[in-house]
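When reading the values below, keep in mind they use all heavy atoms of this one structure, side chains included, and skip hydrogens, waters and symmetry mates.
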Amino acid sequence: HFYMLADTHRVKNFVKAIRQKVHVGSTVIDLGAGTGILGIECAKAGADTVHMVEQEPKLIPVIEAMIKEHGVEEQCVIHNKRSDDFFKEYDGPKPDLMVCEGIGDHIFESRIIYDFLKAKQQLGGIDTIPGVFKLNLHSHTVRLNREPLEGYHTVLDKLNVPKLDSVNIIDNVILDPMFKWGDKIGETKTLLNFGVLKDLKTNKLILEFDRTLDDDEYLVLYFDITLGQKLNISNSPSREAEPHSYYQRLVSCKGIHRKKAKLIIDYEKHIPGIEDQPYPNLEIVNVL
């Protein structure tokens with residue numbers, strides 16, 4: 001959470017969107033409240049009630065201390081539970097806004113975005129932050145940079161296993177010495193463009209390339225997310241070099257020796273406690 005709080009790109013744009021959309025007397029639901037920073041901003045912007053939903057019990061004392069420090073205890077209600085469980089029990093007034101900041105280094109980190117969209121549908125299409133999500137495939141692959149790694153066989157052995165990984169790319173420069181840009185596979189394309197649950201009508205996305213792929217290559221996935229009017233967050237490789245905690249998602253192409261592949265996303269997968277490793281809900285397979 002320290003890295004998320006220190007992420008200028010993420011925090012400042014969420015706060016701007018909150019100031020656009022929260023009005024005096026609003027009822028707000030904050031899914032995946034974390035340390036409580038966004039719910040607190042909603043309260044400070046004039047919300048009458050902010051429901052702060054956070055499943056991690058270790059964060060509850062942090063939220064309590066934060067809301068006390070900012071003097072918004074009367075406006076904030078803490079719910080220590082999963083988001084889907086919260087909505088099963090919620091019987092309050094229809095909220096004016098729902099905020100969800102639980103976005104990892106690709107969009108589908110755990111199932112919180114799925115729960116967010118499901119709640120948006122159940123609540124009758126209320127206003128939300130974020131509003132629109134895009135999952136994109138970059139036009140270039142990334143390759144292992146074997147030159148500086150030749151003496152580190154254990155690292156190479158690990159990377160040679162088909163797996164998901166992430167890499168820090170800013171201004172189209174790879175900042176991780178283990179990787180380098182590979183070949184162009186076609187134009188950058190949007191794989192998913194969604195803002196409501198029905199847009200996720202399939203979890204199997206067909207990818208077509210203009211050449212066959214090598215075992216050493218990784219596809220680069222990134223997102224662009226609309227928060228409010230002229231406000232977005234992104235981990236595009238062309239993003240500016242300001243503080244970020246978002247990395248691009250890499251998907252290993254090992255064993256994909258065709259010009260067509262299938263990316264499978266498990267939107268509803270939920271494994272608590274995964275930190276500092278890619279979330280295991282993406283898989284790429286050959287199209288026979």
Side-chain angles (χ1 to χ4, degrees), residues 1-56 59-79 83 86 95-107 109-110 112-113 115-117 119-120 123 126-134 168 170 194-195 222-236 238-247:
H1 284 84
F2 169 81
Y3 291 107
M4 289 191 287
L5 292 171
D7 186 330
T8 305
H9 175 68
R10 179 196 301 244
V11 174
K12 74 177 184 182
N13 284 301
F14 264 100
V15 171
K16 287 179 180 177
I18 286 168
R19 290 173 181 169
Q20 282 183 359
K21 297 192 175 190
V22 174
H23 307 290
V24 173
S26 294
T27 297
V28 178
I29 294 176
D30 178 11
L31 287 191
T35 58
I37 182 174
L38 297 186
I40 289 168
E41 287 296 331
C42 291
K44 290 165 67 175
D48 184 64
T49 304
V50 182
H51 295 281
M52 306 171 82
V53 185
E54 174 54 52
Q55 71 166 356
E56 174 52 64
L59 286 170
I60 302 306
V62 177
I63 298 174
E64 291 172 341
M66 287 278 285
I67 64 176
K68 183 176 181 180
E69 180 178 337
H70 288 271
V72 291
E73 301 105 305
E74 292 187 4
Q75 296 158 267
C76 296
V77 183
I78 301 171
H79 304 268
S83 54
F86 167 78
D96 301 289
L97 177 71
M98 184 166 57
V99 179
C100 181
E101 195 263 355
I103 302 160
D105 50 18
H106 80 296
I107 297 176
E109 196 78 27
S110 183
I112 193 165
I113 298 303
D115 289 339
F116 173 75
L117 296 176
K120 181 179 179 180
L123 293 168
I126 63 170
D127 200 2
T128 60
I129 302 173
V132 179
F133 301 78
K134 290 183 181 180
N168 196 5
I170 293 178
F194 62 97
Y222 66 95
F223 61 72
D224 286 297
I225 297 175
T226 301
L227 302 179
Q229 186 177 4
K230 296 182 180 180
L231 291 172
N232 78 300
I233 54 176
S234 177
N235 65 342
S236 165
S238 61
R239 68 188 183 185
E240 296 178 1
E242 61 177 324
H244 288 265
S245 61
Y246 292 123
Y247 285 66

request  = Verify the neighbour count for atom CD of Glu240: are there more than 12 heavy atoms of other residues, nucleotides or ligands below 6.0 Å?
outcome  =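 At most 12 heavy atoms, drawn from other residues, nucleotides or ligands, come within 6.0 Å of this atom.
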Under the ring-ring contact (aromatic ring centres under 6.0 Å, His included) test, which residues partner [X], sequence neighbours left out?
{"X": "Phe116", "answer": "none"}
{"X": "His79", "answer": "His51, Phe86"}
{"X": "Phe133", "answer": "Phe194"}
{"X": "Tyr222", "answer": "none"}

Side chains of residues 24-47: which donor-acceptor partners sit under 3.5 Å, not counting sequence neighbours?
residue: Ser26; atom: OG; partner: His23; partner atom: N; Å: 3.0
residue: Ser26; atom: OG; partner: His23; partner atom: O; Å: 2.7
residue: Asp30; atom: OD2; partner: Gly39; partner atom: N; Å: 3.2

Pairing residues for [X] by the side chain to side chain donor-acceptor pair (under 3.5 Å) criterion, not counting sequence neighbours:
{"X": "Ser245", "result": "Asp7, Arg10"}
{"X": "Lys134", "result": "none"}
{"X": "Asp115", "result": "Ser83, Arg111"}
{"X": "Ser238", "result": "Ser236"}

Can you tell if the side chain of [X] reaches within under 4.5 Å of the side chain of [Y], non-hydrogen atoms only?
{"X": "Asn235", "Y": "Tyr247", "result": "no"}
{"X": "Ile129", "Y": "Leu231", "result": "no"}
{"X": "Arg239", "Y": "Ser234", "result": "no"}

Under 3.5 Å, which donor-acceptor pairs link side chains of residues 62-69 to any protein atom two or more places apart or in another chain?
none

request  = Specify the closest pair of heavy atoms between Leu97 and Ile126, including all atoms of both residues, with the distance to one decimal.
outcome  =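 Taking every non-hydrogen atom into account, C-CD1, 4.2 Å.
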Which pairs of donor and acceptor atoms, one on a side chain in residues 11-22, lie under 3.5 Å apart (sequence neighbours left out)?
residue: Lys12; atom: NZ; partner: Glu242; partner atom: OE1; Å: 3.4
residue: Asn13; atom: ND2; partner: His9; partner atom: O; Å: 2.9
residue: Gln20; atom: OE1; partner: Gln229; partner atom: N; Å: 2.9
residue: Gln20; atom: NE2; partner: Gln229; partner atom: O; Å: 3.0
residue: Lys21; atom: NZ; partner: Asp127; partner atom: OD1; Å: 3.1
residue: Lys21; atom: NZ; partner: Thr128; partner atom: O; Å: 3.1

request  = Any chance you could measure Tyr246, atom OH, to Ile233, atom CD1, to the nearest 0.5 Å?
outcome  =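 Here the rounded value is 3.5 Å.
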request  = To the nearest 0.5 angstrom, please state how far the CD1 atom of Ile78 sits from the CD1 atom of Ile60.
outcome  =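 Result: 6.0 Å between the selected atoms.
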